[in-house]
Amino acid sequence: MAADVVIELKAVERHYVQGQRKLTILNGVDFSLHRGEMVALVAPSGTGKSTLLHTAGLLERPDAGDVMLAGRACGRLSDDERTAIRRNDIGFVYQFHHLLPEFSAVENIMMPQLVKGLPATEARARAMQLLDYMQIAKRAEHRPAELSGGEQQRVAIARAVANAPLVLLADEPTGNLDPTTASYVFDALSALVRQSGLAALIATHNHELARRMDRRVTLSEGHVVPL
Ligand SMILES: Nc1ncnc2c1ncn2[C@@H]1O[C@H](COP(=O)(O)OP(=O)(O)OP(=O)(O)O)[C@@H](O)[C@H]1O
């Protein structure tokens, strides 16, 4: 395995059973993501983008094959071990921000750090640094309902990287934003990826944003192939 491969899917299969039918969604996916790289996952609805992201992010177990994170095989680890890896090494961003409504922006970004066991002062300092980086430090004390859609997504991105993960997995992170805001949020996201050396796999229907990433892949007959 190349030294800078952060996450590698090896012959990953994922099937769902619906009544009498077996649906094959991932049919032997081989795919690697490298440090500092942003890859767009562009594929029609229902082809398995979320399934791929959930499997890569250890939210779902593959039915066959394995997911290697920094060279470590994760398929046979216990649920607790997988949860610990998810908490420390994997960041998720979804189409809808899923911020905790009763907490402020800065508190939302502190939360994963506190769960990891960091002292509150350290967690707050890191959260403020990230808010500053995302150019929304002035909104630190606002609750999600008091933020615009673009601001909410920037907080969600900051939260996803709060524990300095190895990988960022994003499922339509700009999907509910207007084109100008989407572009602005994407700029902030890509600056963060470049600056931190993260690896990012980003599912998007936005071809303009996909063009701005390092590579584009799609899902075809259960395989990840270049687009
Ligand atoms: N738990 C499940 N049980 C049965 N079928 C499922 C399950 N989860 C997903 N599927 C099916 O697997 C296929 C892939 O779903 P997935 O959500 O990964 O697609 P997607 O490419 O992310 O779609 P979209 O762009 O619409 O979000 C779909 O046909 C879906 O109906």
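Remember, it's a predicted structure, so these values are computed and weren't measured experimentally. First listed ligand is number 1; within each ligand, the first listed atom is number 1. All values below come from the heavy atoms of this structure, side chains included, with hydrogens, waters and symmetry mates left out.
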(request) Indicate yes or no: does Glu102 engage Arg143 in a salt bridge with an N to O separation below 4.0 Å. (result) no

(request) Tell me, yes or no, whether the heavy-atom count around Gln195 atom CD, taken from other residues, nucleotides or ligands under 6.0 Å, exceeds 12. (result) yes

(message) Give me the residue, atom name and distance of the protein heavy atom closest to atom 6 (C) of ligand 1.
(response) Tyr16 CD1, 3.3 Å

(request) Kindly identify the option in Gly19, Ser45, Ala203 whose heavy atom sits closest to atom 26 (O) of ligand 1. (result) Ser45

(message) Give me the residue, atom name and distance of the protein heavy atom closest to atom 14 (C) of ligand 1.
(response) Gly46 O, 3.4 Å

(request) Indicate yes or no: does Asp66 engage Arg76 in a salt bridge with an N to O separation below 4.0 Å. (result) no

(request) Could you note down all residue pairs passing side chain to side chain donor-acceptor pair (under 3.5 Å) where residues 84-95 supplies at least one of them, sequence neighbours left out? (result) Thr83-Arg86

(request) Tell me which protein heavy atom sits closest to atom 16 (P) of ligand 1, plus the residue, atom name and distance to 0.1 Å. (result) Thr51 OG1, 3.7 Å

(request) Please answer whether the main-chain N or O of Met110 pairs with a side-chain N or O of Arg124 as donor and acceptor at a distance below 3.5 Å. (result) no

(message) Please list, in number order, the atoms of ligand 1 under 4.0 Å from a heavy atom of Gly48.
(response) 14 (C), 16 (P), 18 (O), 19 (O), 20 (P), 21 (O)

(message) Strictly less than 4.0 Å: does any protein heavy-atom distance to atom 31 (O) of ligand 1 fall in that range?
(response) no

(request) Going by the side-chain contact (heavy atoms from CB on, under 4.5 Å) test, name the single residue among Ile202, Val93, Thr174 that passes it with Leu189. (result) Ile202

(request) Can you pull out the closest protein heavy atom to atom 17 (O) of ligand 1? Residue, atom name and distance to 0.1 Å, please. (result) Ser50 CB, 3.6 Å

(message) Quick check on contacts: which atoms of ligand 1 are under 4.0 angstrom from a heavy atom of Lys49?
(response) 18 (O), 19 (O), 20 (P), 21 (O), 22 (O), 23 (O), 24 (P), 25 (O)

(request) Could you check atom 12 (O) of ligand 1 against the protein and tell me its nearest heavy-atom contact, residue, atom and distance included? (result) Ile25 CD1, 3.3 Å

(message) I'd like to check the ring pair (Phe, Tyr, Trp, His ring centres under 6.0 Å) partners of His205; sequence neighbours left out, ordered by chain and number.
(response) none

